[in-house]
Amino acid sequence: MKAVVSKLHCSSMEEVMVVRRRPHVVNGGGFVVTDCKEKIVFKIDGCGVLGIKGELVLRDGDGNDLLLIHKKGGVVQALSIHNKWRGYSYDFQGSPKPIFTLRDPKHSCFSIIGSIRISVQPGNCYFDVRGYFPDRDCSIIDSTGNVIAQIKEWVGSRDIYKVVIKPSVDKAFVFGVIAVLDYIYGESTSC
């Protein structure tokens, strides 16, 4: 798989990452991602920290911004049967560069239940989310049908879960998608 955010976040072997939700009351929500040595790899802040509804930021373990993700709004979006989220990385000059669009069906009695689709710019590469995120039982699947990441329940805790990421997959991209799923389903990154 070609890196979406950066080659720096790809690994040559399968990795198991642990996600720990932060409580809203203590530090504004969001979550922290650690590796098998319990080193912080990513931090995700939502509106509890940022103060802006529909906006998420993914940072590396040192606190550097990697992705800015926001929900598209406006009249056209209000009339659509899907919600759209856009993910932006930063170029060498610090300007935002669009890298993916995530489309999820709106939650209403009029919408058709469908899968969550992620389109990667540039090109016509796409990914789907299959399964149900709140149960910690879902996968991110590439356009050829290969599983690139699996979200699995951590037995005994609702606030901790694990993510198994296949070799050569961009972990920053995977956790950007997971941040949006977390927000869509009203979890730690939402208001």
Over all heavy atoms of both residues, which pair between [X] and [Y] is shortest? Give the atoms and the distance, please.
| X | Y | answer |
| --- | --- | --- |
| Lys152 | Tyr161 | O-CB, 3.3 Å |
| Val174 | Ala149 | CG1-CB, 3.8 Å |
| Val147 | Lys166 | O-CG, 3.2 Å |
| Ser89 | Ile99 | OG-CG2, 3.6 Å |
| Leu66 | Ala172 | CD1-CB, 4.4 Å |
| Asp128 | Arg117 | OD1-NE, 2.8 Å |

[X] vs [Y] side-chain heavy atoms within contact, under 4.5 Å:
| X | Y | result |
| --- | --- | --- |
| Ile44 | Asp182 | no |
| Ile148 | Asp170 | no |
| Val120 | Phe173 | yes |
| Ile178 | Phe42 | no |
| Trp85 | Lys71 | yes |
| Ile116 | Phe133 | no |
| Leu102 | Phe127 | no |

Inter-residue atom distance [X].[atom1] - [Y].[atom2], 0.5 Å rounding:
| X | Y | atom1 | atom2 | result |
| --- | --- | --- | --- | --- |
| Lys39 | Met17 | NZ | CE | 9.5 Å |
| Thr34 | Lys43 | OG1 | NZ | 12.5 Å |
| Tyr183 | His70 | OH | NE2 | 12.5 Å |
| Arg130 | Ile140 | CZ | CD1 | 12.0 Å |

[Y] reachable from [X] in the ILVMFWY side-chain graph, under 4.5 Å edges:
| X | Y | result |
| --- | --- | --- |
| Ile151 | Val41 | yes |
| Ile165 | Ile160 | no |
| Leu58 | Val18 | no |
| Val169 | Val129 | yes |
| Tyr88 | Tyr126 | no |

Under 3.5 Å, side chain of Asp60 to main-chain N/O of Asp62, donor-acceptor pair present?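 Yes, the answer is positive, given that a donor and an acceptor are paired below the 3.5 Å cut-off.
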Sidechain-backbone polar pair: Gln121 side chain, Phe100 backbone, donor-acceptor under 3.5 Å: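 Checking the backbone N and O of Phe100 against the side chain of Gln121, a donor-acceptor pair under 3.5 Å is found.
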Co-members of the apolar cluster containing Val164 [side chain, <4.5 Å]: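 Val16, all in the cluster of Val164.
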Does the gap between the ring centers of Tyr185 and Tyr132 come in under 6.0 Å?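 Ring centroids of Tyr185 and Tyr132 are less than 6.0 Å from each other.
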Listing, residues 3-13 side-chain donor-acceptor contacts under 3.5 Å, not counting sequence neighbours, or none:
{"unit_1": "Ser6", "atom_1": "OG", "unit_2": "Leu8", "atom_2": "N", "d": "3.1"}
{"unit_1": "Ser11", "atom_1": "OG", "unit_2": "Met13", "atom_2": "N", "d": "3.3"}
{"unit_1": "Ser11", "atom_1": "OG", "unit_2": "Met13", "atom_2": "O", "d": "3.2"}
{"unit_1": "Ser11", "atom_1": "OG", "unit_2": "Glu15", "atom_2": "OE2", "d": "3.1"}

Please lay out, stage by stage, how Glu153 and Asp137 fare under the test side-chain contact (heavy atoms from CB on, under 4.5 Å). CA-CA 7 Å; Glu153 180 182 35; Asp137 183 25; over 6 Å; no
With sequence neighbours left out, write down each residue that passes side chain to side chain donor-acceptor pair (under 3.5 Å) with Asp159, or none if nothing qualifies.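 Counting only residues at least two positions away or on another chain, Asp159 forms a side chain to side chain donor-acceptor pair (under 3.5 Å) with Arg21.
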